[in-house]
Amino acid sequence: TNNHVTVGADQIVVALRDGRETLARVIGSDPETDLALLKVPLPKLAHARFAPPGHVQVGDVVLAIGNPFGVGQTVTQGIISATGRSGLALSTFESFLQTDAAINPGNSGGALVNIDGELIGINTALFSKTGGSQGIGFAIPTNMVRMVLTSLASGGRIIRPWIGAEGQGVTSDIAVSINMQRPVGVLINRIYPNGPSDRAGI
């Protein structure tokens, strides 16, 4: 689930589709990616399969599962509108799947699945001026989910790569100023002394 769903909670109750309910325990959380891992102490739990990595493409049909506004389990349908969406100031590390499947308050922590029922993301946020779905929802992709939750489950700390540099996407104006034919890539604008990029000679 999402860290913002569990943070500050005195108790977390998990309700299953078969009617069972139980208290869950937070095994670990990562505010930087807004993910949390829960332990559900019940037998014979069904589980979702992870979709093969790298198979999500713009235009893929997806289903968002959650409990919007507390009305009960709900499924909405849409497509993948974009992959690798960042710069949204929703969390520290962003590479979101964007979808037009209706995601509303209460969908957070729910599954985003493909048409084969395979998990491709964890619903986490929406862009809205009214608090309701505007067809711009975001999910944390499973490659990030798998890495974070594997670390949390093993009780270890989360180790993230760092290149020791800061950059910005190449805009049309930047491309013109440095005689590029089209705006692609990243412009490095800061190197941290003695960091990996500095040692590599960038």
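Predicted model, so just to flag it, every value in this text is computed and none were measured.
- Summarising the local packing, CG of Asn194 is surrounded by 12 or fewer heavy atoms from other residues, nucleotides or ligands at distances under 6.0 Å.
- Below 30°, between 30° and 60°, or above 60°: for Phe96 and Phe138 the angle between ring planes is between 30° and 60°, a tilted geometry.
- The hydrophobic cluster containing Val184, built from Ile/Leu/Val/Met/Phe/Trp/Tyr side-chain heavy atoms closer than 4.5 Å, also comprises Val170, Ile174, Ile178, Met180, Leu187.
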### Leu45 vs Leu16, side-chain contact (heavy atoms from CB on, under 4.5 Å): CA-CA, chis, key distance, verdict
CA-CA 9 Å; Leu45 293 173; Leu16 302 184; 3.6 Å; yes
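- Val14 and Ala24 make their closest contact through CG2-CB, 3.5 Å (heavy atoms, listed as atom of the first residue, atom of the second, distance).
- Side-chain contact between Ser108 and His4 is present, with at least one heavy-atom pair separated by less than 4.5 Å.
- Hydrophobic clustering keeps Leu126 apart from Val75 (ILVMFWY residues linked when any side-chain heavy atoms are closer than 4.5 Å, directly or through intermediates).
- Distance check: Thr124 OG1 to Leu97 CG gives 11.5 Å after rounding to the nearest 0.5 Å.
- Of the possible polar contacts, none joining the Thr76 side chain to the Ala101 backbone as a donor-acceptor pair under 3.5 Å is found.
- Put simply, CD on Glu21 and CG on Leu42 are 10.5 Å apart, with the number rounded to the nearest 0.5 Å.
- Side-chain contact between Val40 and Thr22 is present, with at least one heavy-atom pair separated by less than 4.5 Å.
- The CD1 atom of Ile115 sits 9.5 Å away from the CD atom of Gln77 when rounded to the nearest 0.5 Å.
- Across all their heavy atoms, Ala165 and Ile188 have their closest contact at CB-CG2, 4.2 Å.
- Atom CD1 of Ile202 is separated from atom CD1 of Ile163 by 6.5 Å, given to the nearest 0.5 angstrom.
- By the 4.5 Å heavy-atom criterion applied to side chains, Ile65 and Thr74 are not counted as neighbours.
- A pairwise comparison of heavy atoms in Ile12 and Val26 identifies CD1-CG2, 3.4 Å as the closest pair.
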#### Entry: Candidate pair Ser81 and Asp100, rule side-chain hydrogen bond (donor to acceptor under 3.5 Å, both in side chains), full reasoning
CA-CA 7 Å; Ser81 306; Asp100 68 345; 4.6 Å; no
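- The side-chain contact (heavy atoms from CB on, under 4.5 Å) test with Leu112 is passed by exactly one of Ile122, Ile80, Asn107, Val56: Ile80.
- For the pair Arg146 and Phe50, the cation-pi test (distance below 6.0 Å, angle within 45°) is passed.
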#### Entry: Test side-chain contact (heavy atoms from CB on, under 4.5 Å) applied to Val186 and Gln168, step by step
CA-CA 5 Å; Val186 176; Gln168 66 184 92; 5.9 Å; no
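- Taken to the nearest 0.5 Å, the CD1 atom of Ile103 stands 4.0 Å off from the CG atom of Asn123.
- In this structure, the side chains of Ser95 and Met144 come closer than 4.5 Å at one or more pairs of heavy atoms.
- Taking every heavy atom of both residues into account, Lys44 and Arg20 meet most closely at O-NH2, 3.5 Å.
- Note that CE of Met147 and CG of Leu152 are 9.5 Å apart. Values are rounded to the nearest 0.5 Å.
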### Task
Carefully, step by step, assess Glu94 and Ser86 under the rule side-chain hydrogen bond (donor to acceptor under 3.5 Å, both in side chains).
CA-CA 5 Å; Glu94 298 180 341; Ser86 61; 5.4 Å; no
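- At least one side-chain heavy atom of Phe69 sits under 4.5 Å from a side-chain heavy atom of Pro105.
- Ser91 and Asp34 form no side-chain donor-acceptor contact under 3.5 Å, judged by distance and modelled atom types alone.
- A single hydrophobic cluster is not seen to contain both Ile158 and Phe93; linkage of ILVMFWY side chains at heavy-atom distances under 4.5 Å, directly or through other members, places them apart.
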### Query
Going through the checks in order, is the side-chain contact (heavy atoms from CB on, under 4.5 Å) test met by Thr33 and Thr92?
CA-CA 6 Å; Thr33 56; Thr92 304; over 6 Å; no
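- By the 4.5 Å heavy-atom criterion applied to side chains, Arg182 and Ser172 are not counted as neighbours.
- Cluster membership for Val113 and Val62, using ILVMFWY side-chain heavy atoms within less than 4.5 angstrom, is not shared.
- Two residues are said to be in side-chain contact when any heavy atoms from C-beta on lie closer than 4.5 Å; Leu38 and Thr6 meet this criterion.
- With hydrogens and angles disregarded, no donor-acceptor distance shorter than 3.5 Å links the side chain of Asn67 to the backbone of Gly106.
- A chain of hydrophobic side-chain contacts below 4.5 Å, direct or via other Ile, Leu, Val, Met, Phe, Trp or Tyr residues, connects Leu35 to Leu119.
- Grouping the Ile, Leu, Val, Met, Phe, Trp and Tyr side chains by contacts below 4.5 angstrom, directly or via other members, places Val61 apart from Val58.
- Counting only distance, with no hydrogens or angles, the side chain of Asp116 and the backbone of Glu118 share no donor-acceptor pair below 3.5 Å.
- Counting heavy atoms from C-beta outward, Ile191 and Glu166 have side chains that stay 4.5 Å or more apart.
- Not a single donor-acceptor pair under 3.5 Å links the side chain of Asn2 to the backbone N or O of Val5.
- Shortest non-hydrogen contact noted between Asn3 and Ser29 is OD1-CB, 3.3 Å.
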